[in-house]
Each structure stands twice: as structure tokens, then as C-alpha cells.
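One structure below.
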Amino acid sequence: MKKIGILTGGGDCPGLNAAIRAVVRKGIKDYNYKVYGILEGWKGLIDGKIKELDMNSVSGILPRGGTIIGTSRANPFGKNNKGDPERILENIKKFDLYAIATIGGEDTQGVAFKLSEMGVNVVGLPKTIDNDLPGTDYTFGFDTAVNIATEAIDRLHTTAESHNRVMVVEVMGRHTGWIATFAGIAGGADVILIPEKHFDMEEIYELIKKRHKRGRNFSIVVVSEGIKLPVEDKEEGFVLQNTKKDAYGHVMLGGVGSVLAEMIEKGTGFETRCTVLGHTQRGGTPTAYDRVLGTRFGIAAIELIHKGEFGKIVVLRGNKIVPIELKEIMGQYKTVDDYWYDLAKVFFG
Ligand code: F6P
């Protein structure tokens, strides 16, 4: 009986449990695998912490947010992690794991790729609320985050209108503006600012002023946490940074919205407030779309393991789930293209 490991790495997202459930149920039912949950992402393989997942342990988890096996941003190839890759190889041997299904975004899949180069049998499943993983049309978690952000924008409309205010809504999206763009389009944002697109503050003030001049006395500005605010004399602008970095060297973001709100209030003369949605976008029950996508990825991953096709990741292309090489997605992000931003821009101001 072959033993399969499954792990969830990086930030959690809605739909992880649907993917875990699919891997476990398909793996046990169709291929008689023994499936083990590796606890807290790569940390579990470094520390040797795994637990068996049987049919009962995945019962009732489909609508639950988070991940029943825990996650972390542990990076076995980090500069302070000497010896971790060797520990992982030892534990894989010790637990006799034939293959590992790695559910994660660019960091987790980066580690999976390095391990596959070292001979480990891995198959990736793409997840992240940010939707910035290349190779796939969508990652699961994104749809739920967009729905949460859209609901927040809907709610902010009525209070903005009642108080004649500009509302800045800061959403997640470290490198890309997918959540901001989609939630902005769905929620009818008057301005959307994302890291991929350069913008001029004067233009933003003008858009808002013009809108108020034509009788709309409130505005909604949706902003990605990762934008660079334009500053005079600096071509690059600046990102509001926390000094803390995670294990993959990413600065912890958050807070740019309130700086932007102050700038807008000063630049337009309109009272402005900021709402930071933060981790609410990652919590709670997944949408039906994310449950189905997570399930499809889980089933496809088990099929790949069964066929012995390793070093690959299952992705969504159109309406089909297909495998591609992990190396194809290394070192890049899928950014918001002109099609989406031009569409959003039609409704600015
Ligand atoms: O990777 C997803 C994400 O939610 C980003 O949008 C955000 O910048 C980051 O994770 C936050 O990470 P943490 O939960 O570690 O603060």
C-alpha cells in the first residue's frame, strides 16, 4: 500500500479543506493509498510531524475555512535553515512517503520544485487568494476573497453616501492587484489602484472632484496593499513597509490605505476614511466556486500521482484542469493585464 503525503503551505485560504478532502477520498477509494497530512506546511516535514488522514477525518470539512492540517511560511531553503532539506529527505524516507501533494502559492511551489530536482516525487496544487500564480487562470481562495471584499464595498457605499465621504478600501494582494480589480469591478469602485499600474495622484483627485461636481457626493477607492504611492522626485514611489519580513523575505504589508486616505482628503478637500479588510479576506467558508476548484485540483493531483507524473502542478486552463511542469511557473507572478484594468477604468470617476 503506497503512502502519500499532503501539505498546505503559505497563507491559508478558503478551499484548502476541499482540496485535502478530494486528495484523501480519491486516494483511498480508487488507489488504496494511505494518506498522511504533513502538519504546518514544510515545517511538518522538517520536524517529522505527520498524521494519517482517513475517510472520517475529512468528513464535514468541505465548508470549513482554513486548513485542518495547519500551515506555515517555513522555508527549508531559507538562509537560516541549513540542514532542513536533508531533514526533509530523511523524514520522507522514514515515513516511506511515495509522493507529496503540495498545496500552495509561489513560495510553497518553489520549495516543491527544488525538492523535485532532488528526486522527491511532488505534485503541486495552486492556491492563493492573491491569484498571482502563473500558469493557471485562477487559484482557489481568490473567488471567496473577491466575494468578501465585494460585500464590504457594497456595505461601505451606504455609509459613504450618508456622510458625503470618500472611502478608501485596502485589500490584500502583495504583488498584484487581482482582488482589488475584481472586487472593484463587482462593487462599482470609482477608482482602483493596483501595483501593476502607475498612477498620478493629481489624476485621482481630479476623478473624485469631477464625480462630486456632477452630483455624486461620495466615492469608493479600492487599493491593493502592495501599491507604491507616488512621491515627488522619486520615480519608484514608496511602499509602506513594516520592518518585519517573513521566511521568504517578503515585507509585511498593510497600512498604505490610511496614508492614501490622508492624501485624498488633502488633495480633494473631501472627508475621507479608510477600511483595511486584512485577514477577513482569507477567513471563513469558501464559495461554491472555490470548493469545486479545490476539489477538481485534488482529484487531478491524485491522478497525476497514480500515473507517476511528478514535478508537475495541476492548473486551470479555460474550463479544463491540466498538468504543467513546475519549472514553467518558477520566479514569476501573474499580473493584472490591460484587458481587466481597462475594463475597470471605464467606471472610474
Ligand atoms: O499570500 C496571501 C496573503 O494573504 C497576501 O495577500 C498578504 O500580503 C499576505 O498573505 C499576508 O501574510 P500573513 O498572513 O503572513 O500576514
Side-chain angles (χ1 to χ4, degrees), residues 7-16 19 40-43 65-67 69-75 78 102-112 124-136 138-150 152 169-184 192-196 222-229 239-260 274-284 286-287 290 293-294 313 329-336:
L7 66 79
T8 49
D12 72 327
C13 78
L16 286 171
E40 294 179 32
W42 295 116
K43 194 167 182 287
T67 158
I69 51 178
T71 186
S72 71
R73 294 198 189 273
N75 176 10
T102 60
I103 312 181
E106 89 276 7
D107 295 330
T108 306
Q109 303 307 347
V111 172
L125 292 80
K127 72 88 207 164
T128 164
I129 62 162
D130 290 356
N131 196 39
D132 59 0
L133 207 69
T136 187
Y138 294 101
T139 51
F140 65 83
F142 173 63
D143 184 65
T144 308
V146 168
N147 274 281
I148 293 166
T150 303
V169 191
E170 181 187 307
V171 299
M172 279 187 167
R174 199 201 286 277
H175 310 282
T176 62
W178 288 104
I179 299 176
T181 305
F182 271 51
I192 302 170
L193 302 179
I194 62 173
E196 292 91 329
V222 178
V223 57
S224 287
E225 61 178 358
I227 61 155
K228 289 193 170 98
L229 285 172
V239 189
L240 205 83
Q241 292 186 357
N242 196 314
T243 45
K244 278 203 231 153
K245 286 190 179 174
D246 70 18
Y248 289 85
H250 304 304
V251 287
M252 294 186 190
L253 298 172
V256 79
S258 46
V259 179
L260 184 72
C274 169
T275 302
V276 181
L277 298 185
H279 291 82
T280 53
Q281 294 158 99
R282 289 214 320 238
T287 57
D290 279 339
L293 188 57
I313 180 165
I329 65 161
M330 290 300 114
Q332 339 144 36
Y333 293 105
K334 184 185 67 184
T335 50
V336 175

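From a predicted model like this one, the values you see are computed outputs, not experimental measurements. We count ligands from 1, going down the list as the structure has it; atoms in each ligand are counted the same way. In this chain, numbering begins with 1 at the start of the sequence shown.
If you number the atoms of ligand 1 from 1 as listed, the ones under 4.0 Å from a heavy atom of E225 come out as 5 (C), 6 (O), 7 (C), 8 (O). The contact set between ligand 1 and R282, taken as ligand atoms under 4.0 Å from a residue heavy atom, comprises 3 (C), 4 (O), 9 (C), 10 (O), 11 (C), 12 (O), 13 (P), 14 (O). Using a 4.0 Å cut-off to heavy atoms of D130, the atoms of ligand 1 that qualify are 1 (O), 2 (C), 5 (C), 6 (O). Near G173, meaning under 4.0 Å from any of its heavy atoms, are these atoms of ligand 1: 6 (O).
In this structure, T139 OG1 and K334 NZ are separated by 6.0 Å, a value rounded to the nearest 0.5 Å. Atom CD1 of residue I103 and atom CG of residue L7 lie 7.5 Å apart, to the nearest 0.5 angstrom.
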(message) Go through it in stages, so that I can follow the logic: the residues are D143 and T287, the test is side-chain hydrogen bond (donor to acceptor under 3.5 Å, both in side chains), and I'd like the CA-CA distance, side-chain angles, deciding distance and then a yes or no.
(response) CA-CA 7 Å; D143 184 65; T287 57; 2.7 Å; yes
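Taking the six-membered ring where the residue is Trp, F142 and F182 present perpendicular rings, their angle passing 60° and hence far from 30°.
Between the side chains of D290 and T144, a donor-acceptor pair is found at a separation under 3.5 Å.
In this structure, G10 has no heavy atom closer than 4.0 Å to ligand 1. The closest approach between a heavy atom of H279 and any atom of ligand 1 is below 4.0 Å. Under a 4.0 Å heavy-atom criterion, R73 is in contact with ligand 1. Every heavy atom of D246 sits 4.0 Å or more from the atoms of ligand 1.
Between the side chain of Q109 and the main chain of T102, a donor-acceptor pair closer than 3.5 Å is present.
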